[in-house]
Amino acid sequence: MAAGEPNNNDSVTLNNHVVVTVPNGKEHHEKQTQVTEDDTNNINYWQRAQWLRAAMLGANDGLVSVASLMMGVGAVKRDVKSMLLAGFAGLVAGACGMSIGEFVSVYTQYEVEVGQMKRDLDMSNRGEKELELELEKRKSLPNPLQAALASALSFAIGGLVPLLSASFITDYKIRLVMLVAISGLALVVFGSVGAQLGKTPKLKSCIRFLFGGWMAMAITFGLTKLLELSGLQL
């Protein structure tokens with residue numbers, strides 16, 4: 001090959017001794033894509049699942065609980081004040097209950113796993129590599145405080161959706177329709193976000209969130225309406 005004549009990789013030869021290679025655009029793009037894929041593959045989805053489960057459970061529970069509570073009250077009380085008071089009380093009580101319950105349950109799981117690891121270490125003589133693997137495993141232990149905060153925050157965010165959607169609507173029927181519609185839309189968004197973060201099928205996740213939430217609202221509204229129709233003074 002003649003001196004100075006570029007090859008397919010844009011290589012340049014000077015005095016038959018020094019070769020300077022400049023990667024072309026295609027190779028550079030492929031390397032960037034490979035780096036991105038490597039970063040994605042290095043994500044520990046087991047660790048992510050711990051707080052993702054708490055966040056998704058809290059958001060779904062907050063939205064569905066508050067919306068269903070407001071629908072139940074709305075079945076017998078048409079004024080907006082009663083529905084908003086019931087929704088606000090449900091939001092505060094639910095967020096506190098979810099946070100405390102998540103902390104207690106996850107901390108119990110943490111103590112059980114740590115105790116088992118200590119027993120395993122005491123009962124066997126392990127080599128250096130096995131001890132390193134054990135320490136690495138401890139990094140994936142559940143974090144009670146993280147789970148509690150994720151549950152409380154996500155419950156509050158989920159509960160705010162139905163609460164705000166009915167705050168400024170005075171007409172009774174329109175209020176109920178908007179409550180169901182906006183809550184349904186938020187459930188689809190929660191399902192999609194959860195599937196994206198967990199790398200799971202989005203359609204199945206959205207369907208689970210949507211129909212599960214609508215079912216809870218319908219059951220609560222229907223049973224409360226039956227109590228009113230039965231002659232019980234509410």
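Just so you know, these numbers use all the heavy atoms, side chains as well, and skip hydrogens, waters and symmetry mates.
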Q) Quick one: hydrophobic cluster around Ile157, which other residues, with the 4.5 Å side-chain cut-off, linked directly or via members? A) Leu153
Q | Closest non-hydrogen atom pair, Lys225 against Ala75 | A | NZ-O, 3.0 Å
Q. Any side-chain heavy-atom pair from Phe209 and Asn60 closer than 4.5 angstrom?
A. yes
Q: Starting from Leu226, walk the hydrophobic network (Ile, Leu, Val, Met, Phe, Trp, Tyr; side-chain heavy atoms closer than 4.5 Å) and list everyone else you reach, by chain and number.
A: Met215, Ile219, Leu223
Q) If you look at every heavy atom in Gly191 and Ser205, which pair is closest and at what distance? A) O-OG, 2.8 Å
Q. What closest approach, in Å, do Leu91 and Ala156 show between heavy atoms, and which atom pair accounts for it?
A. CD1-O, 3.9 Å
Q. Are Leu187 and Val64 close enough that some pair of their side-chain heavy atoms sits under 4.5 Å apart?
A. yes
Q: Kindly indicate whether the side chain of Ser151, heavy atoms from C-beta on, has any atom under 4.5 Å from the side chain of Leu57.
A: no
Q: Answer whether the closest heavy-atom distance between the side chains of Thr220 and Leu69 falls below 4.5 Å.
A: no
**Q.** Of all pairs that satisfy ring-ring contact (aromatic ring centres under 6.0 Å, His included), the ones with a partner from residues 54-106, not counting sequence neighbours
**A.** Phe103-Tyr107
Q: Is it possible for you to say whether Val92 and Val161 belong to one hydrophobic cluster, with membership spreading through side-chain heavy-atom contacts below 4.5 Å?
A: yes
Q. Under the 4.5 Å side-chain heavy-atom rule for ILVMFWY, direct or indirect, which residues accompany Leu145?
A. Leu149
Q: Give a yes or no on whether Met71 and Tyr172 share a hydrophobic cluster (residues Ile, Leu, Val, Met, Phe, Trp, Tyr; joining criterion: side-chain heavy atoms under 4.5 Å apart).
A: yes
Q) Is there a side-chain contact between Met83 and Lys77, using heavy atoms and a 4.5 Å cut-off? A) no
Q) Can you tell me if CZ on Phe211 sees more than 12 non-hydrogen neighbours from other groups inside 6.0 Å? A) no
Q) Hey, quick one: are Val66 and Leu84 part of the same hydrophobic cluster, counting side-chain heavy atoms closer than 4.5 Å, chains of contacts allowed? A) yes
Q) Which heavy atom in Ile182 sits nearest to a heavy atom in Ser165, and how many Å separate them? A) CD1-CB, 3.5 Å
Q | same_hphob_cluster(Met98, Met56) at 4.5 Å side-chain heavy-atom cutoff | A | no
Q. Which residues, ordered by chain and number, are linked to Ile100 in its hydrophobic cluster, where ILVMFWY side chains connect at heavy-atom gaps below 4.5 Å, directly or through other members?
A. Val104
Q: Following the transitive rule for hydrophobic clusters with a side-chain heavy-atom cut-off under 4.5 Å over Ile, Leu, Val, Met, Phe, Trp and Tyr, establish whether Val189 and Leu197 coincide in one cluster.
A: yes
Q | Residue pair Gly194 / Thr200: nearest heavy atoms and the distance that separates them | A | O-OG1, 4.4 Å
(Q) Side chains of Leu63 and Pro162, heavy atoms from C-beta outward: is any pair under 4.5 Å? (A) yes
(Q) Measuring only between side-chain heavy atoms, which start at C-beta, is Val106 closer than 4.5 Å to Asn143? (A) no
Q. Closest approach of Cys206 and Val188, non-hydrogen atoms and distance?
A. SG-O, 3.4 Å
Q | Contact check, side chains of Val76 and Leu227, non-hydrogen atoms, under 4.5 Å | A | no
(Q) Could you check whether any side-chain N or O of Ser65 sits under 3.5 Å from a backbone N or O of Gly62, counting only pairs where one atom can act as donor and the other as acceptor? (A) no
Side-chain donor-acceptor pairs of residues 173-181 under 3.5 Å, sequence neighbours excluded:
unit_1, atom_1, unit_2, atom_2, d
Arg175, NE, Ile169, O, 3.0
Arg175, NH1, Arg78, O, 2.8
Arg175, NH2, Arg78, O, 3.3
Arg175, NH2, Thr170, O, 2.8

